[in-house]
Peer 1: 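Submitted below is the structure of interest, expressed as structure tokens.
For clarity, every value in this text was computed on a predicted model and none was experimentally measured. Here is how names work: the chains are called A, B, and so on, in the same order as the sequence lines, proteins then strands, and each is numbered from 1.
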Amino acid sequence: MAKKETSENASEVPLNKLVGLGRDIVQDIQMEHSPSFYTPVRSRSNIFFKEEVGTLTLGDKKEKRTFVHVSQAKKFMQTVAIASKLKSFLEQGLHTSIRGLYYQLKFSLGEDLDEDLFEEQSESNPLIEDLEASLDLKREDFNLSTDRKGVVAGNMIIRDKFGGEESVIDASKQGRSGWMIPSDVDNGMEFVDVNADYVLVVEKDALWQRLNEDKFWKKNNCILITPKGQASRGTRRLIRKLADMKLPIYVFTDCDAWGWYIYWAIKTGSMNLAFLNKSLATPEARFIGVTMSDLQNYDFLKKLTINAKDVDIKRAEEMKSYPWIARHKEWVEELDIVLKTRKKLEQDALQGQKLTFVGEYVKNKIESGKVLP
Amino acid sequence: MPDGNENENGEMVSPKHADDIFEEFKEHSVAEFFTKNKQMLGFSGKLRSLTTVIHEYVTNSLDACEEAGILPDLTVKITELPEEHMLVKVSDNGPGIPKSHIGRALGQMLSGTKFHRYMQQRGQQGIGATGCTMFAQLTSGKPIHVRSSTGNGMIYECNVSVNVKTNAPLISDVTEYEGDFRGLEVTAEFADVKYDRSEYSPLEYLKRTAIANPHAEIYFVDPAGKKVRFPRVSQMLPDRPHEVQPHPLGVEPHVLYEMMRISPARKVGSFLTSELARVTPSKVDELKVVMPDFDFDQPPQNITWNDARRLVNAFKKIKWVAPSADGLRSIGNEQIDVALRSLLKPEYLSVRSRPPKVYSGGVPFIVEAAIAYGGSAGKHTESGISTEIMRFANRSPLLFDAGGCAVAKAVRAVDWKRYEIRDFDNAPITVFVNFVSAFVPYTGAGKQSISSEPEVFDEIKFAVMDVARDVQRYLSGKVREERKEAKRKAIMRYIHQLAVDLPLLANTGTSEELEKKLTAVVFTRFKAEEAEENEEHKTREIMIEESESEAGETAENKIEFDEEDM
């Protein structure tokens, strides 16, 4: 019985916030004011790097969303429709995707109006973000799930309450496939036991499979995660939660601007989700490699570089312009080498000489402390 | 100045001036001359000839009724006869013509029935009606038939034609009988005429006559038997124009010639001082200096057409006190308003009757302008709506020769975009302009087009700009209103769904209550916005007026009247 209560408590906050939003609006109308609510500005002009916490966050700028304005009336009405629908999801304890939500709200506004509440999903997506930002909650808190991406293996036991049932997951017993990280690792999820020395995040699934086959996580007592490219919200949230358990976080990506950007999105959070970075970013994360300086230490890698593409160069230039990256001279050096040589190096290249070298490389880096901030 | 005027068939007609006319016929009969030059009376082209006939009879009827203080009731009927002949019948409820005068009025050119009463009238020269008689004679070979009564219980009927050689009336088939009738009814048969429903047609002519004469009731039956009634919309008779003596700068040679022919004066000098305005003995002395070889002591009855022409030229070389503006009779704002409203049922109408101005250094005139927007305003054709310019001179519609007319030119010279009218040619607009003067500066003997004297052109343009400004105010207000309405509607359509979702979200309130209150909030909000916009709008209007009064300065030459006119 106690367990059930926690699950109810989890959805109580979002539910109350939604109802509160509705009450404020109703009150406006009853006093014959133009109803409105405020939401933080999510554009680039209001995104700042907060040095003391080490994440990208939204500034104080707020936007007023009001109904009695010709360009906002529809969006306002749509936002309330979404909020009302989310409330019903929470009350029923049902989950859906943002696409599912869109279909729930795609209906005609009335026989005499040749218009649907929502015509395209592209209309509802930003309004969901409005609600997340103005209520300071994640969409997962509203029972909205996103596509799963990211796999984990390691000594970690989780209790998952879902669809009225409860199952216990042991991430050390998932064989070759690992446990797929769900979009929500907060609501209805409980970490029963986590027994590891650190967390290793590997960009590519192929490398994760390599290390899994090598029983790297068993031998080195770590939790092995792959976001399979850019980390999803669920994966980022899981990394954050593991960091909260004081586990060191190491990230291992390709030696190119894209791989490095994956690292920085995990570390400082991304600009798109700046309003959520408080719960998604992991400033404690450290970077293992691959680095351009590895070419110096591992001779065989020199022959395995490939040419950087224009997008890599562009991304490198962008990263150099971000103050939160430019403040680390190690990173400026790395980026300068990319811009100078126009070369890059994939994680996979580490297998060039010997397949199991990957594990050795990682172990070496961690033990020697040769990691980048 | 154009070298000629286009008639409705696009042919160029000779721009012969009256000067030339009279010089040529000196010894011949006036009638004979006009027989050979009938285009000068407006008898050129089949369409135009028919409209000219209607014009002559209708203006005579209206003038007669007004002079007698009678609200005019006119009936115009055109019937098609075999061999493309047309029968025109025009009757009025006017004072009628006494039987002793009928011949002179309808069968003799320049008979002196009208011109010596020099006043602002529609017809002026005593040529028109007799011209129609001659035109009937020439084309159908038949005299006109007249039925007249002064209201004394006796009706007089006869046929009238003109002896072209002698310019003498021929009366025949006279009957006289008792009957209850007052007025004049003229029936004339013509060939070489054509009826259609174009903008040059008798129907259009009568429609415009009705607009400029709201006190007249006009009933029209066309050749197909279709009946159109233009009801009287005003019971107010126009003030009778004062008889004024011709001013030296306004008199035409043939008028001067005829005046001298019938003058009782013994010497040209005394004729001038007694029968023309503003001519004093000292002015005659000035004229003598200009015309040293001319004998001012000869009897005026002796002088030739050419002498008259030389005198008129000499008048122009001397400074004169301006003629009195007393004789000018405009239609007036109210009358134009009621006439245009009843006929065009416009969405918006602005009328402006302006104060008198002078042209040619001394001729007073008044311009009245109006713009009707929407409703039946503008020309409505199958291909859509286009702008219509209605020109009038002393209440008489000018249908022909629009191209060279100062009115058309001045209207086109207005920068319409400035008045919220982006596509002027295709706007639902009727522009009305009435030019009022005892001396209308026509471009030709056809009297269908006003010459672009600088002061005339400017004054017409400013009058039109005056009313255009009102239209602009109306249109920008309308556009604003429409935009606001669209905005309001755009918001209103979402009220229902919002009111449905809110109680579900908030666990409080009812949809009915919220929907009602939201509607009220939206309405109040747009009221407030309107007030703000009006503030902005005011400053804009002031700016426009300022810039225009600057432009207007040059044209505002004031009339200098001497004291007796004040």
Peer 1: For A:Val68, which of B:Thr524, B:Val522, B:Leu518 qualifies under side-chain contact (heavy atoms from CB on, under 4.5 Å)?
Peer 2: B:Val522
Peer 1: Is the count of non-hydrogen atoms from other residues, nucleotides or ligands lying under 6.0 Å from A:Phe48 atom CZ greater than 12?
Peer 2: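 Yes - once you tally the heavy atoms of other residues, nucleotides and ligands closer than 6.0 Å, there are more than 12.
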Peer 1: Please check if atom CG in A:Asp116 has more than 12 non-hydrogen atoms from other residues, nucleotides or ligands closer than 6.0 Å.
Peer 2: yes
Peer 1: Look up atom CG in A:Leu109 and atom CZ in B:Arg493, then write down how far apart they are to the nearest 0.5 Å.
Peer 2: 7.5 Å
Peer 1: Inspect the surroundings of NZ in A:Lys241 and state if more than 12 heavy atoms from other residues, nucleotides or ligands are less than 6.0 Å away.
Peer 2: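 Enclosed: over 12 neighbouring heavy atoms sit under 6.0 Å from NZ of A:Lys241.
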Peer 1: Inspect the surroundings of NZ in A:Lys106 and state if more than 12 heavy atoms from other residues, nucleotides or ligands are less than 6.0 Å away.
Peer 2: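 Enclosed.
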Peer 1: Which residues pass the salt bridge (Lys or Arg N to Asp or Glu O under 4.0 Å) test with B:Arg412, not counting sequence neighbours?
Peer 2: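 B:Asp425.
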Peer 1: Please name all residues satisfying ring-ring contact (aromatic ring centres under 6.0 Å, His included) with A:Phe118, sequence neighbours left out, ordered by chain then number.
Peer 2: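 Here no residue qualifies.
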Peer 1: Side chain from CB out, backbone as N, CA, C, O: work out which of these in A:Lys87 comes under 4.5 Å of a heavy atom of chain B, or both, or neither.
Peer 2: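 Side chain only.
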Peer 1: Is it the case that over 12 heavy atoms from other parts of the model lie below 6.0 angstrom from the CZ atom of A:Phe107?
Peer 2: yes
Peer 1: Is the NZ atom of B:Lys478 crowded by more than 12 outside heavy atoms at less than 6.0 Å?
Peer 2: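 Yes - once you tally the heavy atoms of other residues, nucleotides and ligands closer than 6.0 Å, there are more than 12.
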Peer 1: Does A:Ser183 have any side chain to side chain contact (heavy atoms under 4.5 Å, CB included) partners at least two apart in sequence or in another chain, and if so, which?
Peer 2: A:Glu140, A:Ser145, A:Thr146
Peer 1: Among A:Ala73, A:Ser84, A:Gly20, who wins on heavy-atom pairs under 4.5 Å with chain B?
Peer 2: A:Ser84
Peer 1: Do any of residues 23-33 of chain A have a heavy atom less than 4.5 Å from a heavy atom of chain B, and if so, which, in residue order?
Peer 2: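 Counting heavy atoms that sit under 4.5 Å from chain B, the residues of residues 23-33 of chain A involved are A:Arg23, A:Ile25, A:Val26, A:Ile29, A:Gln30, A:Glu32, A:His33.
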Peer 1: In the structure I gave you, are the side-chain heavy atoms of A:Leu117 and B:Gln497 within less than 4.5 Å of one another anywhere?
Peer 2: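 Result yes, sub-4.5 Å side-chain heavy-atom pair found.
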Peer 1: Show the nearest heavy-atom pair for residues B:Ala490 and A:Val70, with the distance to one decimal.
Peer 2: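 So the minimum-distance heavy-atom pair works out to CB-CG2, 3.7 Å.
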Peer 1: Would you say CG of B:Asp415 has more than 12 non-hydrogen atoms from neighbouring residues, nucleotides or ligands within 6.0 angstrom?
Peer 2: yes
Peer 1: For a quick test of reading the model, state the closest non-hydrogen atom pair linking B:Ala506 to A:Gly22 and the distance between them.
Peer 2: CB-C, 3.3 Å
Peer 1: Please indicate whether B:Glu334 has more than 12 foreign heavy atoms, meaning atoms of other residues, nucleotides or ligands, lying under 6.0 Å from its CD.
Peer 2: no
Peer 1: Evaluate the side-chain contact (heavy atoms from CB on, under 4.5 Å) criterion for residues B:Tyr494 and A:Phe76: first the C-alpha distance (whole Å), next the side-chain angles of each, then the deciding distance (0.1 Å), finally the verdict.
Peer 2: CA-CA 9 Å; B:Tyr494 302 126; A:Phe76 189 95; over 6 Å; no
Peer 1: What residue in B:Val521, B:Ile491, B:Thr508 has the most heavy-atom pairs under 4.5 Å with chain A?
Peer 2: B:Ile491
Peer 1: If you measure from CG on B:Asp501 to CD on A:Gln78, what distance do you get to the nearest 0.5 Å?
Peer 2: 11.0 Å
Peer 1: I want to check something: taking the side chain as every heavy atom from C-beta on, are B:Leu505 and A:Val19 in contact at a cut-off of under 4.5 Å?
Peer 2: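 When only atoms from C-beta onward are counted, A:Val19 and B:Leu505 do not touch, as no gap falls below 4.5 Å.
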